[in-house]
Structures are given as C-alpha cells and as structure tokens.
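One structure below.
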Amino acid sequence: MYKDRLLFIRNITLDLILQGSSFKMNRIGELLSLLILLLVSIVEEVQACTCFPTHPQQQYCKADFVIVATVKREEVRYSKSFIKSDVIPEDPNFMRFPIERKFKVRIHRKFKLPKTFIGWNKNNFLYTGGSGASCGVMLKNRVTYLLSGQISGPDQQLRISMCGWVQEYKTLNYHQKKGLNYYYKHNCNCSVQWCTYDFCNGPRDVDPSFVCKWEPNWTNDCYTKHGFCTQKHDGTGCHWKKNRKFKNCLVSNNEKFPWRQNREREIAPQIETNEHSPGFEWP
Ligand SMILES: *[C@@H]1O[C@H](CO)[C@@H](O)[C@H](O)[C@H]1NC(C)=O
Ligand SMILES: *[C@@H]1O[C@H](CO)[C@@H](O)[C@H](O)[C@H]1NC(C)=O
C-alpha cells in the first residue's frame, strides 16, 4: 500500500524538479504540503509495535492476569462499535484498519488474578489493538492459549498485547507449566533482565544481586524453556536454578552455564598495588 504512495511521491518530486522553474510559487506550495501530508500518513502506517524480549517469569510477574482461555468469537471495531470480524465495513474508504479487536473467550484456568477484580465469568472478553502496528494480538478461533495481560480502565477491561505472553497452550512444556504453577509466582522478587554483555534492559531500581541475566538465543532459548530465576536460600539475591533439562539444553547449544559464570565472576582477582607494597615486583 505505502509502496504505491512512495512511487506517487517520487513522481511528484520528479515533476517538481523537472518543471519546478515553470511552476508558480503557490502551486509548488500546494504540492509540498500534499507531499508532507503523504509522508505523515506513511509514517503512521509503517509505525510498528516494538516489544523487548521478555522471559516468561517476567511476563508472569509484570502481568495483572495470566490465564488459559479458548477463543469463541472475534469482533472488530473500525469506528464506534464492534462488528463481527468477517463482516466487511460498508464504507471501505472510511477506515481500512480496525482500531480494536475483542475476543470472547472461555477461561479454563487462572494462574494469576488481582484480588480486586470482580468481573470473572466463564466467558469474558479480551481486548487488544486492531492491528499488529498497535501491538494487537490476532488469536485464532477455537484455539486455547496461555495469555498474560493488564486490566485497564474503570470498566476493568482485560487487555492483551503482542508484548505480553501469548502462546498456544499445547506448546507449553513441563517446566513452563511448573513455572506457572509455582516457581514464577514465588520468585517475583527476582528480575530476569535481557542483557547484552553487562548492559541490561530493565528497571534501574532493582538490586543487581536480584537480577538474573538473560541473553536470548533466537533459535533455541534454554532460559525461556527451562529457566527459573529463584531466590537464594540465604535471601541475598537470585540465581538461575539448575535442572537437568536446562543443563542439557545449554550443553547442546554449546552455551555457558549461568551458575558457573557467577562463580567465575566472584573469584576474579583483585590486585592492589602501590609504590610501597612490599615484596611485589613487576616482571
Ligand atoms: C521480597 O522482598 C521483600 C523485601 O526485600 C520481602 O519483605 C518479601 O518477603 C520478599 N518476598 C518473597 C516472596 O520472598
Ligand atoms: C543458539 O542455539 C543454537 C542451537 O539451537 C546454537 O547452535 C547456537 O550456538 C546458540 N547461540 C548462542 C549465541 O549461544
């Protein structure tokens, strides 16, 4: 779509350059403002949703709710009111992109829910942005998902987005289910942060000893599949909890063990020297 517009803009620009001298000033001004208008609309269309990679444990901890639900029906809103998703709006020029979607879902399990929320029914609506550009999630009918999200507004809408945890429920593995049932909930004092070397993406006010570092492997991420960031028994911080599958996964990826890395860092030598240190000579 915007490719057409780019082409159009290029043609106008060429026109301007080739025939510019013969244009009257107001004509050029008109074209320029048209150009700017088109550029603005392109920028709006191309604007995309960006989410930082987030570990399931962090998804669980930052969410207002975490549920398992099956999609029963989808409705979309192009303007004021919702219509069935397979109905094409009467005036296609009015709004080609839906503003919002809602999914009627049947909720099977609630792994997390705020005590203050009173709207739980067997059937609830989940709201999301109308398109991928507004971080909207496209769920499929009759499919069961694990979903995390936020509760927003005075009418307590359950909102999901592409930046939350959205996964077909049947693809969750043993450790992710174990995390949902137990480990994630009991370790929200810990924080899994996406790191590149020592630069981590996360809130600054977290005590670094409560941070488990995570460098996602985009092809096969052992941390997402098998990792729990748990509190140390002495309460001094958090670390990646060892388990056999986690270890095997790291071995098959040829990745370092996070528990070994920590130890290496702890025993890093500290050398203090000054002119008066006795018995020490540089070679
Ligand atoms: C989390 O940390 C706070 C203080 O640092 C402590 O009071 C609280 O008990 C901890 N929560 C859990 C679940 O351990
Ligand atoms: C990521 O996983 C693949 C195998 O699934 C492995 O070959 C690769 O070395 C890993 N990448 C890193 C950076 O560890």
Side-chain angles (χ1 to χ4, degrees), residues 48-63 66 68 111 132 135 137-140 143-149 160-233 236-269:
C49 164
T50 42
C51 317
F52 290 116
T54 308
H55 188 270
Q57 179 170 336
Q58 209 57 29
Q59 291 285 18
Y60 179 97
C61 293
K62 72 171 189 176
V66 180
V68 179
F111 287 111
C135 295
V137 184
M138 317 291 156
L139 302 179
K140 293 188 200 116
V143 175
T144 304
Y145 294 91
L146 186 278
L147 298 161
S148 77
I160 55 172
S161 93
M162 239 148 70
C163 299
W165 189 357
V166 179
Q167 188 174 344
E168 214 177 307
Y169 185 69
K170 68 176 185 201
T171 67
L172 292 175
N173 68 26
Y174 169 77
H175 281 124
Q176 290 166 331
K177 286 182 186 162
K178 218 167 159 168
L180 285 164
N181 278 310
Y182 183 82
Y183 284 109
Y184 300 156
K185 173 167 53 188
H186 289 100
N187 293 287
C188 283
N189 268 6
C190 299
S191 166
V192 180
Q193 294 188 3
W194 169 39
C195 301
T196 312
Y197 301 105
D198 275 338
F199 180 80
C200 296
N201 186 289
R204 293 269 169 274
D205 56 347
V206 178
D207 179 346
S209 50
F210 284 80
V211 171
C212 290
K213 291 184 177 184
W214 172 51
E215 283 184 58
N217 181 323
W218 306 110
T219 44
N220 177 35
D221 189 60
C222 307
Y223 292 78
T224 298
K225 288 181 176 164
H226 309 293
F228 309 121
C229 174
T230 58
Q231 299 195 55
K232 292 177 186 166
H233 291 300
T236 56
C238 299
H239 56 182
W240 287 108
K241 188 177 168 63
K242 243 192 250 187
N243 66 57
R244 194 171 46 82
K245 282 225 168 121
F246 193 11
K247 201 176 149 186
N248 291 346
C249 180
L250 291 167
V251 167
S252 76
N253 272 7
N254 203 14
E255 288 181 47
K256 281 189 200 163
F257 299 134
W259 41 89
R260 194 166 290 169
Q261 269 174 331
N262 285 343
R263 207 170 298 146
E264 275 166 15
R265 205 164 287 140
E266 276 160 26
I267 58 166

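Throughout, numbering of the chain's residues begins at 1 and tracks the sequence. Atoms within a ligand are numbered from 1 in the order they appear, just like the ligands themselves.
Heavy-atom contacts of Glu255 reach the following atoms of ligand 2: 14 (O) (cutoff under 4.0 Å). Those atoms of ligand 2 with a heavy atom of Asn220 less than 4.0 angstrom away are 5 (O). Counting the atoms of ligand 2 from 1 in the order shown, those under 4.0 Å from a heavy atom of Thr219 are 1 (C), 2 (O), 3 (C), 5 (O). Set against the non-hydrogen atoms of Asn217, the atoms of ligand 2 under 4.0 Å away are 1 (C), 2 (O), 3 (C), 8 (C), 10 (C), 11 (N), 12 (C), 14 (O).
The backbone and the side chain of Asn253 each have at least one atom closer than 4.0 Å to an atom of ligand 2 (non-hydrogen atoms only).
Residue contacts with ligand 2 do not include Asn254, since none of its heavy atoms lies under 4.0 Å from the ligand.
In this structure, the separation between CH2 on Trp240 and SG on Cys222 is 11.0 Å, given to the nearest 0.5 Å. Lys178 contributes atom NZ, which lies 6.5 Å from atom CZ of Phe228 (distance to the nearest 0.5 angstrom).
For the pair Lys177 and Phe111, the cation-pi test (distance below 6.0 Å, angle within 45°) is failed.
For atom 14 (O) of ligand 2, a protein heavy-atom neighbour is found at a distance under 4.0 Å.
The shortest side-chain heavy-atom distance between Gln58 and Phe52 does not fall under the 4.5 Å cut-off.
Residues passing the ring pair (Phe, Tyr, Trp, His ring centres under 6.0 Å) test with Tyr182 are His186, sequence neighbours excluded.
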key: Steps toward side-chain hydrogen bond (donor to acceptor under 3.5 Å, both in side chains) verdict (Gln57, Asn187)   = CA-CA 8 Å; Gln57 179 170 336; Asn187 293 287; 5.6 Å; no
